[in-house]
Amino acid sequence: MKNLTVFILPLLLLCACSNSNDEPQTETVLPISKHYQPCTSEFNIRDTEWVDKIKEWAEKKYVVNDLSELPNDPLGFSDSYTSVDFKEYTLLITYNLHNWNIDTYRNRYYLNNIDKIYEWAICIGTSSIPDDNTETWYFTRYAILVKKLPKEAKTQMWVSLGAINWGWE
């Protein structure tokens with residue numbers, strides 16, 4: 001019995017140890033200096049002049065480190081964008097063409113420690129069910145202001161859509 005105790009006790013101690021501190025952190029949440037309200041333009045899909053103007057902007061992404069890099073988009077920029085201190089900050093901008101309303105909105109910004117990529121997830125909640133047959137569509141610009149990114153920094157930006165109170169019939 002004594003030999004069994006000598007064998008089992010160290011085994012139990014090894015199993016009880018947590019090695020979670022030894023595992024590297026896969027991501028580091030980063031602060032956002034300023035959250036810009038999404039800027040949305042509602043339009044009729046049959047408005048070919050507007051569609052031609054915005055279609056090249058859908059899904060574009062910009063890492064702006066200087067005022068001269070601010071894109072000349074169809075929505076225009078207020079002073080809150082043009083007065084950024086680009087010596088201290090980087091402006092991240094992306095565009096989306098969609099057929100649903102934005103009911104809730106939040107940003108998630110972090111460093112992916114494994115791939116060394118600065119990632120920005122735009123989390124949207126909508127109560128409207130996307131319908132490709134609708135004539136009402138939306139063109140939206142999303143933006144956040146973050147601490148200055150290194151010139152060689154890799155970035156990734158995407159929109160995540162979630163359902164709010166959809167009848168799943």
Side-chain angles (χ1 to χ4, degrees), residues 27 29-112 115-169:
E27 56 187 49
V29 176
L30 299 172
I32 297 173
S33 300
K34 184 172 186 174
H35 298 259
Y36 290 85
Q37 190 68 22
C39 181
T40 300
S41 173
E42 180 180 322
F43 64 96
N44 187 300
I45 197 69
R46 294 177 193 254
D47 181 350
T48 56
E49 183 178 332
W50 181 249
V51 170
D52 286 344
K53 186 184 270 192
I54 63 164
K55 68 182 175 186
E56 70 182 61
W57 290 92
E59 307 308 321
K60 283 207 172 181
K61 296 157 182 19
Y62 292 90
V63 177
V64 181
N65 283 308
D66 185 81
L67 184 59
S68 65
E69 298 172 348
L70 198 62
N72 187 19
D73 75 19
L75 299 171
F77 291 99
S78 68
D79 288 343
S80 117
Y81 291 90
T82 59
S83 64
V84 167
D85 179 1
F86 287 107
K87 291 178 183 160
E88 298 290 324
Y89 299 101
T90 295
L91 184 60
L92 300 178
I93 302 172
T94 187
Y95 299 85
N96 188 234
L97 187 61
H98 53 94
N99 57 6
W100 32 262
N101 290 319
I102 298 171
D103 294 316
T104 63
Y105 166 80
R106 71 179 174 85
N107 294 300
R108 186 166 187 274
Y109 177 61
Y110 60 96
L111 176 61
N112 175 327
D115 299 323
K116 304 297 184 220
I117 298 174
Y118 291 87
E119 301 200 31
W120 172 30
I122 304 155
C123 306
I124 303 294
T126 184
S127 58
S128 57
I129 299 173
D131 178 7
D132 288 338
N133 295 319
T134 186
E135 292 192 8
T136 302
W137 281 70
Y138 305 90
F139 174 65
T140 302
R141 175 181 63 216
Y142 305 94
I144 59 173
L145 189 66
V146 299
K147 291 187 183 201
K148 189 74 164 187
L149 292 177
K151 288 191 185 262
E152 66 281 348
K154 294 178 185 174
T155 60
Q156 189 169 358
M157 308 171 207
W158 69 88
V159 173
S160 170
L161 183 64
I164 300 174
N165 297 326
W166 289 2
W168 297 95
E169 298 157 355

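Here the structure is a predicted model, which is why all the values come from computation and not from measurement. Side-chain atoms are counted along with the backbone in the values below, which use heavy atoms only and exclude waters and symmetry mates.
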Under the rule for salt bridge (charged side-chain N to carboxylate O under 4.0 Å, His left out), what residues qualify as partners of Glu59, not counting sequence neighbours? none
Across all chains, not counting sequence neighbours, the side-chain contact (heavy atoms from CB on, under 4.5 Å) partners of Asp85 are Lys87, Glu88, Tyr89
Run the side-chain contact (heavy atoms from CB on, under 4.5 Å) check on Asp47 and Trp137 step by step: do they pass? CA-CA 10 Å; Asp47 181 350; Trp137 281 70; over 6 Å; no
With a 3.5 Å cut-off and sequence neighbours excluded, list the donor-acceptor pairs that the side chains of residues 142-160 form with protein atoms.
unit_1	atom_1	unit_2	atom_2	d
Lys148	NZ	Asn65	O	2.9
Lys148	NZ	Phe86	O	2.4

Can you label the angle between the Tyr36 ring and the Tyr81 ring as parallel, tilted or perpendicular, going by 30° and 60°? parallel
Which residues share a side chain to side chain donor-acceptor pair (under 3.5 Å) with Arg106, sequence neighbours left out: none
Among all residues two or more places apart in sequence or in another chain, which pass the side-chain contact (heavy atoms from CB on, under 4.5 Å) test with Asn44? Arg46, Glu135
Side-chain touch Leu75/Trp57, heavy atoms, less than 4.5 angstrom: no
Using distance alone, with no hydrogens and no angle criterion, decide if Asp132 and Asn99 have a side-chain donor and acceptor under 3.5 Å apart. yes
Heavy-atom distance under 4.5 Å between the side chains of Asn107 and Ile122, does that happen here? yes
For the residue pair Tyr118 and Val63, establish whether any side-chain heavy-atom pair is separated by less than 4.5 Å. no
Partners passing salt bridge (charged side-chain N to carboxylate O under 4.0 Å, His left out) against Glu69 (at least two apart in sequence or in another chain): none
